[in-house]
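Computed from a prediction, not measured in an experiment: that's the story for all the values here. By convention in this document, chain letters (A, B, ...) are assigned in the order of the sequence lines, proteins followed by strands, and residues within each chain are numbered from 1.
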There are 2 protein chains.
Amino acid sequence: MKLSTRSRYGTRLLLEMARNYNGGPMQLGEIAKRLGVSVKYLEQIIIPLKKAGYIDSVRGPKGGHILARPPAEVTVAEIVTLLEDGVTLVECVEYPSVCGRSPICPTRVLWKAVSEAMLAQMHVTLADLAAQAEALEKQFPQLP
Amino acid sequence: MKLSTRSRYGTRLLLEMARNYNGGPMQLGEIAKRLGVSVKYLEQIIIPLKKAGYIDSVRGPKGGHILARPPAEVTVAEIVTLLEDGVTLVECVEYPSVCGRSPICPTRVLWKAVSEAMLAQMHVTLADLAAQAEALEKQFPQLP
DNA sequence: AGTATATATATTAGATAGATAGAGAACAAG
DNA sequence: CTTGTTCTCTATCTATCTAATATATATACT
């Protein structure tokens, strides 16, 4: 039931870019250093985010990546839905036909409710996260 | 972010036994047939449930397994916590020390809130699920 | 031209999930 | 006291996925 690093790194990747919004393109090398992750791995994670229109990229020297939408208009729910396969605990919540028992399955009802509760909590924007980050860094100034 | 079959089957296994509460021991063969799962696999899943005291077993002919606690006193939250490794989306929610950034990590705050929302929704008892099952079966009598 | 950066594709080592198999131990019935 | 039923324990297997690395190519600035 754990999140994959894919959606965790992806969220933090977008958060870094949100915090640098209006600051020009950011390079993956720099972001990778901040996240403590390899550039190569971020290169993979960024692909679906670009395809989905969250990120614009510029090649060549002084190139990099830019958040394509205002941070206040991107929610974590969207990001996780994209990078994970939907925000549901079991497949049958999204696709009831994967199991013949779906219509009478009492546990499906439960997993659905839990999944919806998760999704509701994820309606937080990148701007919210950025503000949270500022606050936490002010509170613990010794940490990088 | 999907649940493992371990916790899904485990929950349904206990639900079957809850529905048969006061009905004597149930055999894994019968339960396996109902769940559409191999006996051998259920044998593994039942081990931690027995160790944790949810189930008592009787060997020999006419043996089987019995729910050791009243269905109204067993929540899905407990079951999933036992069979999954905790109801948290990331390890650092339960064990902040796994990551040095925990104190200032804005995403950790979020994943924690989401995890807690999940857990809250899982405070449903086996008795609740059993009642739900009855209701659904009354509503769709054609299905087994 | 040369360099910095992004993009694309392939590969891989390891972990985990999901499941199966077989021998052994307890116990009730006859 | 033997036989058959059922649970119990340990071992093993395979496919899939995760996380990461490597290599080669395309683009664009200076």
Q. What is the distance from CG of Asp85(A) to P of dT16(D), rounded to the nearest Å?
A. 16 Å
Q. Taking atom types as they are modelled, is there a donor-acceptor pair under 3.5 Å from the base of dG18(C) to the side chain of Lys40(B)?
A. no
Q. Is the shortest distance from a Lys or Arg side-chain nitrogen in Glu134(A) or Lys138(A) to a carboxylate oxygen in the other one below 4.0 Å?
A. no
**Q.** Interatomic distance, Gln27(B) atom CD to Leu42(B) atom CG [nearest 0.5 angstrom]
**A.** 13.5 Å
Q: Using whole Å, report how far OH of Tyr41(B) lies from P of dT14(D).
A: 18 Å
Q: Find which nucleotide of DNA chain D each of Thr5(A) and Met26(B) is nearest to by heavy atoms, and output the residue with the more 5' nucleotide.
A: Met26(B)
Q) Base, sugar-phosphate, or nothing: which does Lys50(B) touch, judged by heavy atoms less than 4.0 Å apart? A) sugar-phosphate
Q.
If I compare all heavy atoms of Leu15(A) with all of Pro106(B), which pair ends up nearest, and what's the gap?
A. CD2-CG, 3.6 Å
Q) How close do Ser102(A) and Cys92(A) get, heavy atom to heavy atom, and via which atoms? A) OG-CB, 3.9 Å
Q: Counting heavy atoms from C-beta on, name the nucleotide in dT23(D), dT6(D), dA20(D) closest to the side chain of Gln44(A).
A: dA20(D)
Q. Would Tyr21(A) and Leu126(A) count as a side chain to side chain contact (heavy atoms under 4.5 Å, CB included) if you check the C-alpha gap in whole Å, the side-chain angles of each, and the deciding distance to 0.1 Å?
A. CA-CA 11 Å; Tyr21(A) 198 58; Leu126(A) 289 178; over 6 Å; no
Q.
Which residues in residues 55-70 of chain A have a heavy atom closer than 4.0 Å to any atom of DNA chain C?
A. Ser57(A), Val58(A), Arg59(A), Gly60(A), Pro61(A), Gly64(A), His65(A)
**Q.** Length of the line joining Met17(B):CE and dC7(D):P, which is rounded to integer Å
**A.** 10 Å
Q) For Glu43(A) and dA8(C), what is the distance between atoms CD and C1' respectively, to the nearest whole Å? A) 9 Å
Q: Return the value, rounded to whole Å, for the distance between atom NZ of Lys2(A) and atom P of dA19(D).
A: 13 Å
Q | Nearest-angstrom distance from the residue atom CD of Glu91(B) to P of dT16(C) | A | 10 Å
**Q.** Residue Ser38(B), side-chain atoms from C-beta onward, closest of dT7(C), dG18(C), dT20(C)
**A.** dT20(C)
(Q) In whole Å, I'd like the distance from the CD1 atom of Ile47(B) to the C1' atom of dA19(C). (A) 14 Å
Q: Please work out if Leu28(A) contacts a base, only the sugar-phosphate, or nothing of the nucleic acid, heavy-atom cut-off 4.0 Å.
A: sugar-phosphate
Q) Starting at the 5' end of DNA chain D and moving along, which residue's nearest nucleotide shows up first, Ile46(B) or Arg8(A)? A) Ile46(B)
Q.
Distance check needed: dA19(C) P versus Leu42(B) CG, whole Å only.
A. 10 Å
Q) Do the charged groups of Lys2(B) and Glu84(A) touch, with an N to O distance under 4.0 Å? A) no
Q) What are the two closest non-hydrogen atoms of Ile104(B) and Phe140(A), and how far apart are they? A) CG2-CB, 3.6 Å
Q. What's the closest nucleotide to the Gln27(B) side chain, out of dA21(C), dC7(D), dG18(C)?
A. dC7(D)
